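Inspection log for the structure reproduced underneath, given as structure tokens.
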Amino acid sequence: QPRLKESGGGSVQAGGSLRLSCPVAVVSYAPYCLGWFRQAPGKSREGVASIDSTGSAAYVDAVKGRFTISEDNAEKILYLQMNNLKPEDSAMYYCAAGWGMTAAQGLGVQGEYDIWGRGTQVTVSS
């Protein structure tokens, strides 16, 4: 069972930035959807951002204007650029890949993703 591997997490102060990366070479055919999810202690995992094979992206309201999801199609790497980080963004962040979903659909249907990473921790201090 292939897995994804996230990197780029860390500890920053509020207002800082981080960029998460996730190689997605296993995603070899379209239509596909790639997503970033997060889970804070004591909370359910939630969708943060998703992007599909057409390049369309979707974001949860809490991160709109601050986070940007992108895919380097040549290198097959998924990114999440996180700016103006807030303490409430602290969580374990996971990348995931699935097929047959649009970005809008992918933001809310975690069960449809086939491949997940193990997560990278993001901690934002006030």
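Keep in mind that the numbers below use all heavy atoms, side chains included, and drop hydrogens, waters and symmetry copies. This structure is a prediction, so every number in the text was calculated from the model and none was measured.
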Does any part of the side chain of [Y], heavy atoms only, come nearer than 4.5 Å to the side chain of [X], both counted from C-beta?
X	Y	value
L78	W36	yes
L18	M82	yes
E71	I77	no
R118	K5	no
T120	Y94	no

Can you name the nearest heavy-atom pair linking [X] to [Y], along with the distance?
X	Y	result
V60	G47	CB-O, 3.5 Å
P87	A14	CD-CB, 4.1 Å
N84	S17	N-OG, 4.2 Å
A103	D52	N-OD2, 3.0 Å
G106	C33	CA-SG, 3.9 Å
V48	Y93	CG2-CE2, 4.3 Å

Donor-acceptor pair, side chain of [X] and main chain of [Y], under 3.5 angstrom:
X	Y	value
Q110	R45	yes
E75	D72	no
E6	C95	yes
Q39	K43	yes

Think R19 forms a cation-pi with Y79, using NZ or CZ under 6.0 Å from the six-ring centre and within 45 degrees of its axis?
-> yes
Classify the ring geometry between F37 and Y113 as parallel (under 30°), tilted (30 to 60°) or perpendicular (over 60°).
->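 Plane angle over 60°, so perpendicular.
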Can [Y] be reached from [X] by stepping across I, L, V, M, F, W or Y side chains whose heavy atoms are under 4.5 Å apart?
X	Y	answer
L4	W116	no
V26	L20	yes
I115	V24	yes
V124	V63	yes

Does atom NZ of K76 have more than 12 heavy-atom neighbours, drawn from other residues, nucleotides or ligands, at distances under 6.0 Å?
->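 More than 12 within 6.0 Å, yes.
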Rounded distance (nearest 0.5 Å) linking atom OG of S56 with atom CD1 of I51 =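 Rounded to the nearest 0.5 Å, the OG-CD1 separation comes out at 8.0 Å.
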Interatomic spacing from CG in L80 to CG in L34 - rounded to 0.5 Å = 12.0 Å
In sequence, state the C-alpha distance, the side-chain angles, and the governing distance for L85 and F67, and then conclude on side-chain contact (heavy atoms from CB on, under 4.5 Å).
-> CA-CA 9 Å; L85 282 160; F67 291 12; 3.8 Å; yes
With the threshold set at 4.0 Å, does a side-chain nitrogen-carboxylate oxygen contact exist between R38 and E46?
-> yes
Are the charged groups of K86 and D89 less than 4.0 angstrom apart, N to O?
->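 Looking at K86 and D89, the cut-off is not met.
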